[in-house]
Amino acid sequence: MTRTNKNHTLSESENIMNKTELEKNLKTDYLGKPLIYTDCVDSTNNEIKRLAQKGYPTGTTVIAEKQTSGKGRLGRVWNSPVGTGLWFSFLLRPHTDFSQISGITLAAGLGVCRAVRSFTGLDAEIKWPNDIIIGNKKICGILVETAAETDKLKYAVVGIGINVNTRVFPDEIKEKATSLIIENKYSAINRTKLFKEILFHTEKCIDDYLKNPVIPNDYKQLCATLGRNISVRRGKNVINGIASDISENGDLIATDENHNKILINSGEVTVQGIY
Ligand code: BT5
């Protein structure tokens, strides 16, 4: 069976992607060049690190149908079953220092969010720093890892996982995860086209940030965290506040119960109303 409308076509043969189609009409300067497509890998982030050690250039991208050890932050597991999602990573060798890594991370999230919105018309938003959500559930996680040489940034790996045509989630995540097909009233999304759209928007956001390292206004407009009650763990304490802004270097700014400004640059932020 083939269902058709502009961006939402899924024939049986499209359940598996292929390298030729993935590379065709890629509108990027460097992302996806070269592109390595594989059936199965431990983690596309790990594979990029192996290729980085071999000297592969900036933009090198690995995409897999399935990951056996897909990972999130802090050693968490990223559920990456075959044939339903987009699991990919790319290598960046930016001529910047570590201070710009959070900006690059936010730029990648903005790129994915813009791509999902323009391609599907769904109201995707960003949960700071770079989860993509629809409603109050997560459709995408991004893991940025870096390698240093003395105190200089050697390279960064940006790993993106998106639930595209996933209909069922394991029990552990079914309350907090959703997918594009679920949000799209069960009309399937063409993963190959979406992948190319994401590379295009993400490259543009990263380049814009590297040229002019400020957090763009539309990041803030799309950031579902702003204006909400949040809590963050600091050692043994939990601080509660309202998220109000993003600082120049990408930190979340919140106002606590005593009207003090707090800057949050890492760690787990719980946002009221979002998974
Ligand atoms: C992230 O971590 O959200 C970053 C995920 C990055 C995955 C990509 S896939 C391609 C590349 N290769 C990799 O090995 N990783 C990257 P974090 O914020 O720590 O969230 C992880 C948590 O999200 C887990 O503990 C689960 O609760 C939940 N989770 C796991 N799989 C999920 C999924 N498919 N959809 C939504 N939530 C999920």
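When a ligand or atom number is given, it counts from 1 through the structure's own listing order. We count residues from 1, following the sequence as given. All values below come from the heavy atoms of this structure, side chains included, with hydrogens, waters and symmetry mates left out.
Within the structure, ligand 1 lacks I139 among the residues with a heavy atom less than 4.0 angstrom away. Assignment of G70 to the shell around ligand 1 is supported, since a heavy atom sits closer than 4.0 Å. Under a 4.0 Å heavy-atom criterion, K176 is in contact with ligand 1.
For the residue pair N45 and S43, no side-chain donor N or O sits within less than 3.5 Å of a side-chain acceptor on the partner.
Among I264, I274, I242, the one residue that satisfies the side-chain contact (heavy atoms from CB on, under 4.5 Å) test with I230 is I264.
For atom 25 (O) of ligand 1, the closest non-hydrogen atom of the protein is R76 CD, 3.3 Å. At the top of the distance list for atom 20 (O) of ligand 1, counting protein heavy atoms only, stands K138 NZ, 3.2 Å. The protein heavy atom nearest to atom 28 (C) of ligand 1 is I173 CG2, 3.8 Å. For atom 15 (N) of ligand 1, the closest non-hydrogen atom on the protein side is K71 O, 2.8 Å. Looking at atom 35 (N) of ligand 1, its nearest protein heavy atom turns out to be N163 ND2, 2.8 Å. Distance from atom 36 (C) of ligand 1 to its nearest protein heavy atom, with residue and atom name: A177 CB, 3.4 Å. The protein heavy-atom contact nearest to atom 9 (S) of ligand 1 is Q67 NE2, 3.3 Å. Closest to atom 31 (N) of ligand 1 among all protein heavy atoms lies N79 N, 2.9 Å.
Within the listing of ligand 1, atoms 10 (C) sit less than 4.0 angstrom from a heavy atom of F88. Close contacts between ligand 1 and T44 involve ligand atoms 10 (C), 11 (C), 12 (N) [criterion: under 4.0 Å to a heavy atom]. Atom numbering of ligand 1 starts at 1 in the shown order; those under 4.0 Å from a heavy atom of N45 are 11 (C), 12 (N), 16 (C). With ligand atoms numbered from 1 in the order given, ligand 1 contributes 4 (C) to contacts under 4.0 Å with heavy atoms of I142.
Atom NZ of K204 has 12 or fewer heavy atoms from other residues, nucleotides or ligands within 6.0 Å. In the displayed structure, E172 atom CD is contacted under 6.0 Å by more than 12 heavy atoms of other residues, nucleotides or ligands. Residue K220 places its NZ atom among more than 12 non-hydrogen atoms of other residues, nucleotides or ligands, all under 6.0 Å distant.
Y56 and V158 are not part of a single hydrophobic cluster, where members link through side-chain heavy atoms under 4.5 Å apart. When the side chains of ILVMFWY residues are joined at heavy-atom separations under 4.5 Å, either directly or via intervening members, Y219 and F200 end up in two distinct hydrophobic clusters.
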* To do: Report the C-alpha separation of I246 and L252 in whole Å, then their side-chain angles, then the decisive distance to 0.1 Å, and conclude whether the side chain to side chain contact (heavy atoms under 4.5 Å, CB included) test is met.
  => CA-CA 5 Å; I246 309 286; L252 184 65; 3.9 Å; yes
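Side-chain N or O atoms of K19 include one that pairs as donor or acceptor with a backbone N or O of L35 at under 3.5 Å. Formation of a donor-acceptor pair under 3.5 Å by the R191 side chain with backbone atoms of N165 is not found in this model.
For ligand 1, the polar-atom distance check finds no N/O of W87 at less than 3.5 Å from any of the ligand's N/O atoms.
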